[in-house]
Amino acid sequence: MASSSLVTSLLCSSSSSNTATSRNSRRSFRLFSKNQYCKLPLRPLRRSSHLLLVRCSLQQQQEEKATSVAPAEQKAAPAESHHVGGGQDDVATASHHAFGGENDVSRESHRPVGGEDGVAEASSHHAGSGEEGDGGGVKKSKEEQQQEVDWKSDEEFKRFMGNPSIEAAIKLEKKRADRKLRELDREPDANPLVGLLRGLARDQLAREKERLELAEKTFKALDLNKLKSCFGYDTFFAVDVRRFGDGGIFIGNLRKPVEEVRPKLEKKITEAAGTDVTLWFMEEKNDDITKQVCMVQPKAEIDLQLEITKLSTPWGYLSAVALAVTTFGTIAIISGFFLKPGATFDEYVSDVLPLFAGFLSILGVSEIATRLTAAKYGVKLSPSFLVPSNWTGCLGVMNNYESLLPNKKALFDIPVARTASAYLTSVVLAVSAFVSDGSLNGGENALFVRPEFFYNNPLLSFVQVVIGPYADELGNVLPNAVEGVGVPVDPLAFAGLLGIVVTSLNLLPCGRLEGGRIAQALFGRGAAAVLSLATSVVLGVGAIGGSVLCLAWGLFATFVRGGEEIPAQDEITPLGSDRYAWGFVLAVVCLLTLFPNGGGTYSSDFLGTPFFRGGI
C-alpha cells in the first residue's frame, strides 16, 4: 500500500533504533529535562511497547475490579465503571483519538485518565481486605488470561496499533506511571532499606510523570474536523481525510502550483490548529489509481525527529575529523604501493604530494558545490564524513540532510552538484597532466601502477584501460610499462582517474548514495527501491566472483547507506526534461567507467577464477 510507504519514508529514517521495550521510552523521557522537549521518536511506536503499556494498564484495572467486592464499593460500581470498568474502553478511546475521534478525545481530556478516583477507592479497599485464597488466585489468573484474549481481539486496539500517535503514547505512559505510584503507595515499608529504595523509585516516577505532563502540552494531535474547512477550491480541494499519527492525510487535488498553495494553506491550518504545521504534497498510488494527497503533521514533531537524527553535534564533528585523519592516513599508506623500488623519503614526498593535492582538489570542489546548492534551497547538511579505503585511499564523502527538502528539484540538484563537480575536477586534473607531460604515462614524479592493483577489481578496469595494461596476452611487457616495476602514470592524472571511478561508485542507484537520491527524485521511491535492490544484487555477484571492492562497496551501500531518503515536501511538481537529460548523461558515464572490460582483469568467465596477465 502506498500509505505504508509514506509511513516508512517519512517517519523511519536513517538511524532507527531496534529497541522494543518501554525502557527505551523511559530513557528518551530523561532527555526532556535537559532540552525542555520530550525526546520521543517520531516514527511509529513499536507494537511491543504498546503491548507492554496497555497490558499493564488492563491487568491493573482487572485487579482493581476483582478486589472491589465490598457492598459500599458495589454501590459505587456504576459511577466507577464509567472510568475504570474496562481496559477496552480506555484503549478504544485512545484509538479513536488516534483515528480522528477529536470530540471524544476532548471529552476524555476533561476526566481523569484511567479513572484514578475509582482506582484509589479500589486500592484502599484492597489494602484492607488482606490476602486472597488459593481459589481466588486461580480465578484471578483465569480472568487475566481471558482479559488478554479479549484485548488481542479488540478491533479498535488493532487499528490503534496500526497507526499510533505520540499523544496517545504519552497518555499510556502516564497511566503506567500512575499504576506504579499506586503500587508503591499501598505496599508497607517494613524494612527501612526497602522503604528508602521505594522512596527513591517514587521520586523518580513522580519526576517522570511531571515530564510526561509537560510533554503532553507540547504534543497534541491535530483536530482534523477543524482543518477540513481550511481546504478549498483556491488551494487544495480535499474529498477525503484519514488520520495519520498526530496529523492527517487529505486526499484531493491541487488547484494551483504547490509554491503558491503551500504558504497560503500552511497559514490557514496553523491558525485553525493553534500550532505550527508542516505540509507535504505527494502522489499516492492504490490499485493502479494515482491520487494527490496533502499530508499535515505538527511541526514540533517533525523538528523533534530532525533533532534526534542530527549529526551536527560535537560528537558528529569529532567523528568527521577522525574519519578525515583516517582517510588521509590510508592515502599516505597506499601511495607507497605506487613508488618505484628503492625510493627515498624525499622521493616519496615529491611523488605523493601531487596525489594528495589531486584528492584534496576533487573533495574540496565537490564539497563547495554541494553546500552552495544546498544553501540555495535552504537545506541544512550534516558534517562531511570521508570514507577511507585501503585500496583507493578514499571512497567519497557522506552527508545527511538535517532539514526538510522543499521539492524534488532540491533532491536532484544537490547530489548532481557533488557528482558533476567531482567528475569535472577529475577530468581537469587528468587533462592538465596529459598536456604538461604529453602523455598520461610520464612526468618527473611518476607513480608506477602494478598489475596487482587491478587484480580482483573489475570496478577499477577503467583506470587500466586509460593508462594501458602492463603486458599483452602472451605476457610480454608492453612499451608503455617498465619491466619489473609497473605502468608509469602522472600523480595528478592518477588522482583524476581514481576520482572518476570513486564518483561513479557513488552514482550507483543504491540507498542514500548520491545515485540513489537522484533515482528517487527521477522515478519515485518505489522505483528507487527496486533499483537499489538490483544494484546490491549486482555488487553481490561481483563479490562472489572475487572482487574485494565489490564486496566492500556493496556492504557499505546496502547497510550503511541503505534505505530511502526523506521525501521532499513537493513530490507532485515534475522535474522537467532537462533534469532527466542530466540524469541520463550521468548514468551513461557511471556505466562506462564501472563496467568490466577487456583490460586484463578477468578471464572470459566472469564467475571463474580471476587473474591478471603478465604479473610481476
Check whether [X] reaches the backbone of [Y] with its side chain - one donor and one acceptor, N or O, closer than 3.5 Å.
{"X": "R512", "Y": "G562", "value": "yes"}
{"X": "E514", "Y": "A417", "value": "no"}
{"X": "T327", "Y": "C394", "value": "no"}
{"X": "N506", "Y": "L395", "value": "yes"}
{"X": "Y580", "Y": "L522", "value": "yes"}
{"X": "Q520", "Y": "E565", "value": "yes"}

Are [X] and [Y] side-chain neighbours, meaning at least one heavy-atom pair lies under 4.5 Å?
{"X": "L507", "Y": "V589", "value": "no"}
{"X": "F462", "Y": "L592", "value": "no"}
{"X": "V241", "Y": "F231", "value": "no"}
{"X": "I414", "Y": "Y401", "value": "yes"}
{"X": "P354", "Y": "F494", "value": "no"}
{"X": "F236", "Y": "C230", "value": "no"}
{"X": "L360", "Y": "F328", "value": "yes"}
{"X": "K408", "Y": "D570", "value": "no"}

N/O donor to acceptor pairs below 3.5 angstrom from side-chain atoms of residues 552-560, sequence neighbours left out:
{"unit_1": "W553", "atom_1": "NE1", "unit_2": "L505", "atom_2": "O", "d": "3.2"}
{"unit_1": "T558", "atom_1": "OG1", "unit_2": "S536", "atom_2": "OG", "d": "2.9"}
{"unit_1": "T558", "atom_1": "OG1", "unit_2": "G554", "atom_2": "O", "d": "2.7"}

Work out which heavy atom in [X] is nearest to a heavy atom in [Y]; give both atom names and the distance.
{"X": "S461", "Y": "P458", "value": "OG-O, 2.7 Å"}
{"X": "I334", "Y": "N390", "value": "CG2-O, 3.3 Å"}
{"X": "L222", "Y": "A273", "value": "CD2-CB, 3.9 Å"}

Item to check | Counterpart residues, side-chain contact (heavy atoms from CB on, under 4.5 Å), relative to L311 (two or more places apart) | outcome: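 side-chain contact (heavy atoms from CB on, under 4.5 Å) list for L311, sorted by chain: S382, P383, F385, N400, E402.
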
Item to check | Partner residues of V487 under the side-chain contact (heavy atoms from CB on, under 4.5 Å) criterion, sequence neighbours left out | outcome: N441, I467, Y470, N480, A481

Item to check | side chain to side chain donor-acceptor pair (under 3.5 Å) partners for E367, two or more places apart | outcome: R371, S384, R418

Checklist outcome for this item: For T326, the side chain to side chain donor-acceptor pair (under 3.5 Å) test, sequence neighbours excluded, returns none

Checklist entry - When rounded to the nearest 0.5 angstrom, what is the spacing between CZ in F454 and CG in L549? => result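 That separation rounds to 12.5 Å.
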
Next on the checklist: Please report the interatomic distance CG(L492) to CZ(F434), rounded to the nearest 0.5 Å.
Outcome noted: 15.0 Å

Please tabulate, for side-chain N and O atoms in residues 253-265, each donor-acceptor pair with protein atoms closer than 3.5 Å (sequence neighbours left out).
{"unit_1": "N253", "atom_1": "OD1", "unit_2": "R255", "atom_2": "NE", "d": "2.7"}
{"unit_1": "R262", "atom_1": "NH1", "unit_2": "P406", "atom_2": "O", "d": "3.3"}

Next on the checklist: Please confirm whether the ring centroid of F453 lies under 6.0 Å from the ring centroid of F338.
Outcome noted: yes

